[in-house]
Amino acid sequence: MEALASLVAQADLSGFTAEEVRTITAAGDAGLAYAIGAIGPAIGIGFLVGKSVEAMARQPEAAGMVRTTMFLGIAFTEALALIGFVVFILLKFA
Amino acid sequence: MFGLEFPPINALLRWPDIFPTFNKIGLIAVLAALIGMGIFWLATRQDDSKAPKGVRNFAESIIEFIQNGIIMQTIGKAGLGWTPLLLSLFVFIYLCNMPGIIPILQMPATGRLAIPLGLALLVWVTFIGTGIKHQGLGYFGHLLWPPGMPVFLKPIVGLIEFISTIFVTPFSLTVRLMANLMAGHILLVTFGLLAESLFRAETNQFLLVPTGLLPLLMLVGITAFEVLVGFLQAYIFTILAAVYISNSLVGHAEEAH
């Protein structure tokens, strides 16, 4: 975040007031916070669901149990992305 | 500055009081509780010696879903006594989620922190109380250290498990429900605003005006997606509550996160 802030500080922001500069940097930081925060959970959920589908195809009689466990895993993985979203809201609006 | 005026977040998530200390979110929560109770009250009014029909059929299918889809998959047969708690949790959360896409109401009551936090603390108190009831004070030992843990690892594992069970569990339950519903609400607002501002844009190029149809289509798609999210989040909250309760019933099972 500091690297981005210093990058923004070097840019030509002479035409903006301090309040506008704050809004612009906050928007950039917020976007970066969510973008980076979503990469890991995205890979994780893709991997998880793919493996679950594989398991269900190999053993259809275990589909109910696999599905329940899959939703549990998704819930825990997704929590990270959602915390990223909350950070986005905090940076952008708070 | 951005070409599109996004309203301040407080305009989307904070509602003026209908009368002092009671706003729209409170109204939705009260309605959800009353509708949930009403459905099951109507179901019990029917003569149970005949084949179930109408409301009773509907209520029984919900109960069957909770018992077969949630309790049997996590706690097992011994957990069927937990049906009332998990059923109320599921129905209340689902009915709180749905107003997010119902016209006029247009706000999920679980999109604010208060209701998810209250429910998460309820689950937290329940599973810790269950653990103490079923395993005595040894529950805290099982909570902190899996069996067969080497002595030199005990302090660090104990600390991690303590933080993850006592603090992270209710926090993640709360944030998962709240952030999912709030994200859906903000997405709906964003696409609604985009469609409106494209339709009303003052431009010389008339070809640009029909492009407002694209965010409108997206809005319809996201509304359909929100139906799924509202159900799925109620399901996940309930199933996690069942998993935590089953962990306190049988001791330190495989840690879920």
Side-chain angles (χ1 to χ4, degrees), chain A residues 8 11 13-28 30-31 33-35 37-38 40-42 44-45 48-49 52 55-56 59 61-94, chain B residues 1-2 6-14 65 68-76 111 113 116 120 164 168-187 190 228-229 231-244 246-247 253-257:
Chain A
V8 173
L13 289 168
S14 50
F16 296 101
T17 63
E19 185 60 28
E20 283 172 338
V21 169
R22 196 194 162 279
T23 315
I24 294 168
T25 43
Y34 183 66
I45 291 180
L48 204 157
V49 177
S52 305
M56 282 189 238
Q59 214 170 352
E61 62 269 30
M65 204 189 69
V66 172
R67 195 176 298 118
T68 312
T69 321
M70 181 185 83
F71 278 125
L72 275 180
I74 289 178
F76 287 119
T77 318
E78 194 193 36
L80 298 172
L82 290 172
I83 290 169
F85 171 74
V86 172
V87 171
F88 174 93
I89 295 287
L90 287 177
L91 281 173
K92 180 87 173 67
F93 295 106
Chain B
M1 192 155 77
F2 300 115
F6 197 79
I9 195 87
N10 277 345
L12 303 181
L13 293 174
R14 232 158 98 180
F65 168 69
N68 290 339
I70 293 179
I71 296 178
M72 291 304 279
Q73 309 279 344
T74 51
I75 312 182
L113 200 57
S164 98
V168 176
T169 299
F171 174 77
S172 71
L173 266 181
T174 312
V175 169
R176 182 176 303 116
L177 185 56
M178 189 268 296
N180 258 303
L181 273 294
M182 192 170 78
H185 185 60
I186 290 175
L187 264 182
T190 309
L228 182 72
V229 166
F231 169 76
L232 209 60
Q233 289 309 314
Y235 175 66
I236 283 176
F237 193 97
T238 320
I239 210 166
L240 284 176
V243 166
Y244 294 141
S246 105
N247 278 354
E254 196 60 37
E255 189 62 45
H257 59 113

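Chain identifiers are assigned alphabetically (A, B, ...) following the order of the sequence lines, protein sequences preceding nucleic acid strands; residue numbering begins at 1 within each chain.
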> Quick one: what part of B:I70 sits under 4.5 Å from any heavy atom of chain A, side chain, backbone, both or neither?
Replying inline: neither
> Under a 4.5 Å heavy-atom cut-off, does chain A meet the side chain of B:Y235, its backbone, both or neither?
Replying inline: side chain
> Quick one: CD1 on B:I239 to CG on A:L72, what's the gap to the nearest 0.5 Å?
Replying inline: 5.0 Å
> To the nearest 0.5 Å, what is the distance between OG1 (A:T69) and CD (B:Q73)?
Replying inline: 8.0 Å
> Under a 4.5 Å cut-off applied to non-hydrogen side-chain atoms, are A:F85 and B:I186 in contact?
Replying inline: yes
> Does B:F171 CZ have over 12 foreign heavy atoms under 6.0 Å away?
Replying inline: no
> Got B:I236 and A:F76 here, is their nearest side-chain heavy-atom distance under 4.5 Å?
Replying inline: no
> Can you name the closest pair of heavy atoms from A:T68 and B:G69 and give their distance?
Replying inline: OG1-O, 4.4 Å
> Rounded to the nearest 0.5 Å, how far does OG of B:S172 lie from CG of A:L82?
Replying inline: 10.5 Å
>> Has B:R176 got a side-chain atom pairing as donor or acceptor with A:E78's backbone, closer than 3.5 angstrom?
In response: no
> Measuring heavy-atom distances to chain A, does B:N180 have an atom under 4.5 Å in its side chain, in its backbone, in both, or in neither?
Replying inline: both
